[in-house]
Amino acid sequence: MSRGAAGSEGEPQVRPEGKERQRKRRRRKKESKTRLVRSSLLPPEAEAEKSKRPALAGNRLKTTKYTALSFLPKNLFEQFHRLANVYFVFIALLNFVPAVNAFQPELALAPVLFILAVTAIKDLWEDYSRYRSDQEINHMECLVYC
């Protein structure tokens with residue numbers, strides 16, 4: 001007896017209805033991946049229908065690298081990725097060792113700190129310029145076609 005034959009004992013029979021259900025399930029999975037885009041120009045909908053919809057991402061532009069809290073750590077991290085900065089800080093710290101110091105240790109830190117500060121101010125200014133540009137673009141009028 002073949003096991004795939006209809007009517008064998010212990011085997012569930014596969015009906016065409018079962019295959020149809022599986023197809024519908026597959027369609028539902030594919031449909032759930034689609035995204036619904038609605039025009040903001042249409043009249044407002046009922047509150048109940050709004051609460052059912054998930055919140056969609058906005059289309060605001062943000063190209064800035066830093067926030068007020070993340071500026072100092074991120075900027076120092078980026079600056080110490082430059083090998084020259086690491087080298088000069090190492091030389092300045094080496095001046096604090098009494099057997100190796102060539103001149104006053106505080107004086108050795110001055111040029112390194114100056115370079116780090118100037119670079120940080122430059123990065124801050126560039127990021128602020130990006131912020132202003134983003135604000136200008138985000139508040140620009142645009143046409144929406146539907």
Side-chain angles (χ1 to χ4, degrees), residues 3-4 6 10-146:
R3 295 188 71 153
E11 295 277 331
Q13 293 181 1
V14 179
R15 297 181 186 163
E17 297 169 6
K19 289 183 180 180
E20 186 64 33
R21 286 182 190 159
Q22 287 177 352
R23 286 186 195 134
K24 285 183 181 179
R25 285 184 193 150
R26 286 186 197 139
R27 278 190 223 137
R28 282 187 203 142
K29 287 180 184 176
K30 288 180 184 177
E31 289 172 1
S32 66
K33 291 181 183 179
T34 60
R35 189 176 130 187
L36 179 64
V37 179
R38 297 176 190 246
S39 172
S40 62
L41 298 175
L42 298 175
E45 302 168 351
E47 290 298 321
E49 193 174 321
K50 279 186 180 180
S51 63
K52 291 179 185 175
R53 276 190 287 144
L56 299 176
N59 61 349
R60 298 187 68 78
L61 182 66
K62 183 179 182 262
T63 59
T64 56
K65 281 200 262 184
Y66 308 109
T67 63
L69 294 175
S70 72
F71 174 73
L72 192 61
K74 275 187 178 180
N75 189 267
L76 288 176
F77 180 74
E78 287 179 12
Q79 287 197 43
F80 285 120
H81 264 85
R82 297 184 188 121
L83 194 57
N85 287 346
V86 174
Y87 172 76
F88 285 113
V89 167
F90 175 72
I91 295 297
L93 292 177
L94 204 56
N95 257 338
F96 282 93
V97 177
V100 187
N101 69 347
F103 47 89
Q104 294 177 346
E106 300 82 21
L107 200 60
L109 280 176
V112 175
L113 292 178
F114 177 75
I115 295 299
L116 292 176
V118 167
T119 307
I121 291 169
K122 177 191 69 95
D123 289 344
L124 183 66
W125 180 256
E126 287 175 355
D127 205 53
Y128 180 68
S129 297
R130 280 190 223 110
Y131 172 77
R132 284 190 320 202
S133 173
D134 292 348
Q135 292 301 315
E136 184 179 319
I137 290 171
N138 286 335
H139 290 92
M140 193 180 295
E141 284 190 25
C142 62
L143 296 174
V144 178
Y145 299 101
C146 53

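Values below: all heavy atoms of this structure, side chains included; hydrogens, waters and symmetry mates excluded.
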Ignoring hydrogens and geometry, is there a side-chain-to-backbone donor-acceptor pair from D127 to T64 under 3.5 Å?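 Answer holds: no.
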
Only pairs at least two apart or in different chains count here, so list each salt bridge (charged side-chain N to carboxylate O under 4.0 Å, His left out) that has a residue in residues 62-76.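 For residues 62-76, and leaving out neighbouring residues, the salt bridge (charged side-chain N to carboxylate O under 4.0 Å, His left out) pairs sorted by first residue read K65-E78.
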
Nearest-0.5 Å distance, [atom1] of residue [X] to [atom2] of residue [Y]:
{"X": "Q135", "Y": "L61", "atom1": "CD", "atom2": "CG", "result": "9.5 Å"}
{"X": "F80", "Y": "L116", "atom1": "CZ", "atom2": "CG", "result": "5.0 Å"}
{"X": "S129", "Y": "E126", "atom1": "OG", "atom2": "CD", "result": "7.5 Å"}

D123: salt bridge (charged side-chain N to carboxylate O under 4.0 Å, His left out) partners, not counting sequence neighbours: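 For D123, no residue satisfies salt bridge (charged side-chain N to carboxylate O under 4.0 Å, His left out) once neighbours in sequence are set aside.
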
For Y66 and N75, work out which heavy atoms get closest and say how close.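 Nearest pair, atom of Y66 first, then N75: OH-ND2, 3.4 Å.
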
Got a list of side-chain donor-acceptor pairs under 3.5 Å for residues 81-96, not counting sequence neighbours?
unit_1, atom_1, unit_2, atom_2, d
H81, ND1, F77, O, 2.9
N85, ND2, Q79, O, 2.9
N95, OD1, A102, N, 3.1

